[in-house]
Undergrad: 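Pasting a structure here, questions to come.
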Amino acid sequence: MKKIRSLCKRRGFVYPSSEIYGGFSSSYDFGPLGVQLKRNIKNHWWEEMVQKNRDVVGLDAAILMNPDVWKASGHLDSGFADELVECKECHQRFKADEVKEECPECGGKLMEAQQFNLMMKTLVGPSEEKADTSYLRPETCQGIFVNFKNVLNSTRKKLPFGIAQIGKSFRNEISPGNYFFRTREFEQMEMQWFCSPKADKTPEEWFDYWKEQRLNWYLDLGIDEDNIRAHEIPEEERAHYAQRQVDLEYKFPFGWGEIEGIHNRGDWDTSTHTEHSEDDLKYYDEERDEKYFPNVIETSVGVERSMLAFLTEAYQEAKGGRADQSNKEEEIVLQLPKKLAPTKVIVLPLVKKEEKLVEKSEKIFQELQEEFHCQYDERGSVGKRYRRADEIGVLYAVTVDFDTLEDNTVTIRWRDNMKQIRVPVDELKQILNSLIEGDIEFEEAGELV
RNA sequence: GCGGGAGUGGCUUAGUGGUAGAGCGCUUCCUUGCCAUGGAAGAGAUCGCGGGUUCAAAUCCCGUCUCCCGCUCCA
């Protein structure tokens, strides 16, 4: 993890927040490559969940909501906001209503009860005195539940259907850490699947369906099946709203950690918001001519957590070089999947002293830039540039050499095996496109050099 | 919040009382025809921050911040 952290800082994936002021606990900024990687993750999720599912629609709800939402959702009590007491002797903490005067562990004296609220309070309105307290949302899904009727009315959807959202959430974690695995500000990609408890396909079956879908998403993105598991959470450990909960966990260097939660929320949300709000979130089922609360299956990804998993999975290093074994330095290859790699192509003139090569390379770079995230590099030896590109996971290196000036062909080098093919410049864009989309095998895309 | 460990140029780090050195990276130049070339020059660190002890502090002491590991807590 230390190596990943160092790479991320060095090459511009992740910086500690407010570093010139000594940092800020558990906040991180995403640099040029980090923001692109994160964006690629979100775009790919959106593509798979929204674009390719006719029954899933998108939403972008506000972070600030009416505080009554959090009363209804249970976040103002049960688990998210507790009175805790701490033992003066052994410093263990207990819920105030579960202990009396002595520490149940060591019999020591207890400190005064302290209010713990995992929600971040904020004042809404310019005047502090008159301002109302609200909260930064601790999860994005409440924005979905309170808009259930709006979406139903404006899209003419029928059960089952889903609402998807990507956005920031905030929690006052007691102990954040493990790099940016647990932070107080984080981004979620959530999809709430509203389904009927009466239909032939039960919520429990939908749960299994989405669990499979979501697990496959990671496997398709190159996560090794040994490094990911679906962890069934027993009843006593579940969140207050969950009837069933499976955590998709990734095997991080620091241990297994949750990157996505799949929950069967039953009718907890639809019924509680009906009870507390002006509205009735019951669904009128025309076929059965009856009204009932829709059940909700939730898939909830931590964007940064999944990013950390993808980075961990992609990080490879080899001693002695992959081409000849003479190089004793450790070299790093970030084998990010094609969909996620922040930079797809790098264009390199073989040498920079030859003006014609540089000119030609610039021209090719400008053309490719229209289509892909590209870099251009002419510094140092070409071998060194290849390795530097490997380190940030650039998929393909296009090299302009002296043959290019003769016959208008270039070489393409594939990051993962360092093999090269020679292709005509006229077909370059199309070939790269097919390679990145995975439509053709590398060796078949051109003549191996 | 508790216990332990650690903070030295962008990264990795040497330096246990006499005001900082290296490797990589970066800038400029020469060299370089395909996998981290070789060479020359240069920029960049008041040693996390604040205070104390001392003639003198990166080094000792106190405080503080941040990070790491383990508790605790947690979706």
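The chains referred to below are lettered A, B, ... by the order of the sequence lines, with proteins before strands, and numbering in each begins at 1.
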Undergrad: In whole Å, measure the gap between the P atoms of B:G10 and B:C47 for me.
TA: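 Taking atom P in both B:G10 and B:C47, they lie 14 Å apart.
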Undergrad: What interatomic distance, in whole Å, is found between C1' of B:U54 and the corresponding atom of B:U16?
TA: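 Straight-line distance between the two C1' atoms is 16 Å.
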Undergrad: For B:C11, give its Watson-Crick or G-U wobble partner with both distances under 3.5 Å, or none.
TA: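 Base partner found: B:G23.
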Undergrad: If you assign A:Thr183 and A:Phe180 each to the RNA chain B nucleotide with the nearest heavy atom, which residue ends up on the more 5' nucleotide?
TA: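 It is A:Phe180, whose closest nucleotide lies nearer the 5' terminus.
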Undergrad: With a 3.5 Å distance limit and no angle check, can you tell me whether A:Lys338 reaches the backbone of A:Lys344 through a side-chain donor-acceptor pair?
TA: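 No; judged by distance alone, with no hydrogens or angles, the pair does not exist.
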Undergrad: Between B:C34, B:C67, B:A36, spot the one nearest the side chain of A:Tyr28, thanks.
TA: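 Looking only at side-chain atoms, A:Tyr28 lies closest to B:C67.
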Undergrad: Please figure out whether A:Thr411 or A:Arg305 has its closest RNA chain B nucleotide nearer the 5' end.
TA: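 Looking at the nearest nucleotide for each, A:Thr411 comes out on the 5' side.
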Undergrad: Considering every strand and a 4.0 Å limit on heavy-atom distances, what is the contact class for A:Arg385: base, sugar-phosphate, or nothing?
TA: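 Counting heavy atoms under 4.0 Å across all strands, no contact is made by A:Arg385.
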Undergrad: Among the nucleotides B:A36, B:U37, B:C34, which one has an atom lying closest to any side-chain atom of A:Glu391?
TA: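 The listed nucleotide nearest to A:Glu391's side chain is B:A36.
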Undergrad: A:His75 has an atom NE2; how far is it from atom P of B:C74, in whole Å?
TA: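 Interatomic distance, NE2 of A:His75 to P of B:C74: 14 Å.
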Undergrad: Between A:Gln245 and A:Asn264, is any side-chain donor less than 3.5 angstrom from a side-chain acceptor?
TA: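 No pair is found: no donor N or O on one side chain lies under 3.5 Å from an acceptor on the other.
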Undergrad: I'd like the P distance from B:G51 over to B:U46, given in whole Å.
TA: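 Pairwise P distance, B:U46 against B:G51, rounds to 16 Å.
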Undergrad: Could you tell me if A:Asp407 and A:Thr409 have a donor-acceptor pair between their side chains, going purely by distance under 3.5 Å?
TA: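 Yes, A:Asp407 and A:Thr409 have a side-chain donor paired with an acceptor closer than 3.5 Å.
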Undergrad: What is the pairing partner of B:C73, taking Watson-Crick or G-U wobble pairs with both distances under 3.5 Å in any strand?
TA: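 Answer to the pairing question: none, since B:C73 forms no Watson-Crick or G-U pair.
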Undergrad: Can you tell me how far P of B:U31 sits from CD of A:Glu354, to the nearest Å?
TA: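 Value for this atom pair: 13 Å.
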Undergrad: Under 3.5 Å for both donor-acceptor distances, Watson-Crick or wobble: does B:C67 have a partner, and if so which one?
TA: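 Matched B:C67 with B:G5 under the 3.5 Å cut-off.
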Undergrad: Mind checking A:Arg184 for me? I need base, sugar-phosphate or nothing, with any heavy atom below 4.0 Å counting as a touch.
TA: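 No contact at all - A:Arg184 keeps every heavy atom at 4.0 Å or more from the nucleic acid.
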Undergrad: If I take atom CG in residue A:Asp377 and atom C1' in nucleotide B:A36, what distance separates them, rounded to the nearest angstrom?
TA: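 Atom CG in A:Asp377 sits about 13 Å away from atom C1' in B:A36.
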Undergrad: Indicate whether A:Phe402 forms a stack on B:G33; treat it as stacked only if centroid distance is below 5.5 angstrom and interplanar angle below 30 degrees.
TA: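 Yes.
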Undergrad: Choose from B:C34, B:C11, B:C67 the nucleotide whose nearest atom is closest to any side-chain atom of A:Ser6.
TA: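 Nearest to the side-chain atoms of A:Ser6, counting from C-beta on, is B:C11.
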Undergrad: Please pick, from B:C68, B:G10, B:G33, the nucleotide with the shortest atom-to-atom distance to any side-chain atom of A:Lys9.
TA: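 Among the listed nucleotides, the one closest to the side chain of A:Lys9 is B:G10.
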Undergrad: Looking at the side chain of A:Arg387, which of B:U37, B:C68, B:A36 is the nearest nucleotide?
TA: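 Among the listed nucleotides, the one closest to the side chain of A:Arg387 is B:A36.
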Undergrad: Shortest non-hydrogen contact from A:Ala341 to A:Asn40?
TA: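 Residues A:Ala341 and A:Asn40, closest heavy atoms: O-ND2, 3.2 Å.
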Undergrad: Provide, to the nearest angstrom, the distance between the CZ atom belonging to A:Arg182 and the P atom belonging to B:C74.
TA: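 So the two atoms are 11 Å apart, to the nearest Å.
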Undergrad: Say we look at B:A22 and B:G17: how far apart would their C1' atoms be, to the nearest angstrom?
TA: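 Between the two C1' atoms, the distance is 23 Å.
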Undergrad: Which value, in whole Å, describes the distance between the C1' atoms of nucleotides B:G44 and B:G21?
TA: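 These two C1' atoms come out 14 Å apart once rounded.
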Undergrad: Considering just the side-chain nitrogens and oxygens of A:Arg379, establish if one lies under 4.0 Å of OP1 or OP2 belonging to B:U28.
TA: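 Answer is yes, contact under 4.0 Å.
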Undergrad: Do the side chains of A:Arg229 and A:Asp247 get close enough for a salt bridge, i.e. N-O under 4.0 angstrom?
TA: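 No, A:Arg229 and A:Asp247 are not salt-bridged.
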Undergrad: Just call it for A:Thr399: base, sugar-phosphate, or nothing, with non-hydrogen atoms closer than 4.0 Å on any strand.
TA: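 Base, at least one base atom sits under 4.0 Å.
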Undergrad: What integer distance in Å separates A:Phe252:CZ from B:C69:P?
TA: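 After rounding, the gap between these two atoms is 13 Å.
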Undergrad: Would you kindly give the OH-to-P distance between A:Tyr15 and B:C11, to the nearest whole Å?
TA: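 For the pair A:Tyr15 OH and B:C11 P, the rounded distance is 11 Å.
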Undergrad: Under a 3.5 Å cut-off for both distances, is B:C60 Watson-Crick or wobble paired, and to whom?
TA: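 The base-pairing partner of B:C60, which may sit in any strand shown, is B:G52.
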Undergrad: Please tell me which of the listed nucleotides, B:U27, B:C11, B:G33, lies nearest to the side chain of A:Lys353?
TA: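 Of the options given, the side chain of A:Lys353 lies nearest B:G33.
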Undergrad: Using both distances under 3.5 Å as the test, list the Watson-Crick or G-U wobble partner of B:A40, or none.
TA: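 The answer is B:U28, by the H-bond criterion.
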Undergrad: Any donor and acceptor pair, going by atom type alone, linking the side chain of A:Thr122 with main-chain N or O of A:Ser134 inside 3.5 Å?
TA: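 Checking the backbone N and O of A:Ser134 against the side chain of A:Thr122, no donor-acceptor pair under 3.5 Å is found.
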Undergrad: Quickly work out the A:Lys3 NZ to B:C67 P distance and round it to whole Å.
TA: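 Taking atom P of B:C67 as the reference, NZ of A:Lys3 is at 23 Å.
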Undergrad: What's A:Asn178 touching, base or sugar-phosphate or nothing? Going by heavy atoms closer than 4.0 Å.
TA: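 Sugar-phosphate, backbone atoms only, no base.
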Undergrad: Could you verify whether a donor N or O on one side chain and an acceptor N or O on the other, from A:Thr270 and A:Asp267, lie under 3.5 Å apart?
TA: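 Distance-only check fails for A:Thr270 and A:Asp267.
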Undergrad: Determine the contact category for A:Tyr179: base if any of its heavy atoms lies under 4.0 Å from a base atom, sugar-phosphate if only primed atoms, P, OP1 or OP2 are that close, otherwise nothing.
TA: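 Result for A:Tyr179 = sugar-phosphate.
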Undergrad: Considering only atom P, compute the distance from B:U37 to B:C24 and round it to an integer number of Å.
TA: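 These two P atoms come out 11 Å apart once rounded.
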Undergrad: Mark yes or no for a side-chain to base donor-acceptor pair under 3.5 Å between A:Arg413 and B:C35, with no hydrogen or angle criteria applied.
TA: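 Yes, a donor-acceptor pair under 3.5 Å.
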Undergrad: To the nearest 0.5 Å, what is the distance between CG (A:Leu432) and CD1 (A:Ile412)?
TA: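 CD1 of A:Ile412 is found 4.5 Å from CG of A:Leu432.
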Undergrad: Could you check how far CD1 of A:Ile421 sits from C1' of B:C35, rounded to whole Å?
TA: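 A:Ile421 atom CD1 is separated from B:C35 atom C1' by 17 Å.
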Undergrad: What integer number of Å spans the C1' atoms of B:C35 and B:C74?
TA: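 It works out to 48 Å between them.
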Undergrad: Determine the contact category for A:Arg11: base if any of its heavy atoms lies under 4.0 Å from a base atom, sugar-phosphate if only primed atoms, P, OP1 or OP2 are that close, otherwise nothing.
TA: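 It contacts nothing in the nucleic acid.
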Undergrad: Report yes if a side-chain nitrogen or oxygen of A:Lys384 is closer than 4.0 Å to either non-bridging phosphate oxygen (OP1 or OP2) of B:C35; otherwise report no.
TA: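 It does not, given that no N or O in the side chain of A:Lys384 lies less than 4.0 Å from OP1 or OP2 of B:C35.
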Undergrad: Could you please name the option among B:G33, B:G25, B:U32 that lies closest to any side-chain atom of A:Arg388?
TA: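 Selected nucleotide (nearest to the side chain): B:G25.
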Undergrad: Using atom C1' of each nucleotide, how far apart are B:U53 and B:G42 to the nearest Å?
TA: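 Their C1' atoms lie roughly 40 Å apart.
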Undergrad: Using a 4.0 Å heavy-atom cut-off, does A:Gln420 contact any base of the nucleic acid, only the sugar-phosphate backbone, or nothing at all?
TA: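 A:Gln420: base contact, heavy atoms under 4.0 Å.
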Undergrad: Answer with yes or no whether A:Asp401 presents, from its side chain, a donor or acceptor under 3.5 Å of a partner atom in the base of B:C34.
TA: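 Answer yes: a donor N or O sits under 3.5 Å from an acceptor.
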Undergrad: Looking at A:Tyr386, is A:Arg413 sitting on its ring face, NZ or CZ under 6.0 Å from the six-membered ring centre and within 45 degrees of the normal?
TA: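 Yes, a cation-pi geometry holds between A:Arg413 and A:Tyr386.
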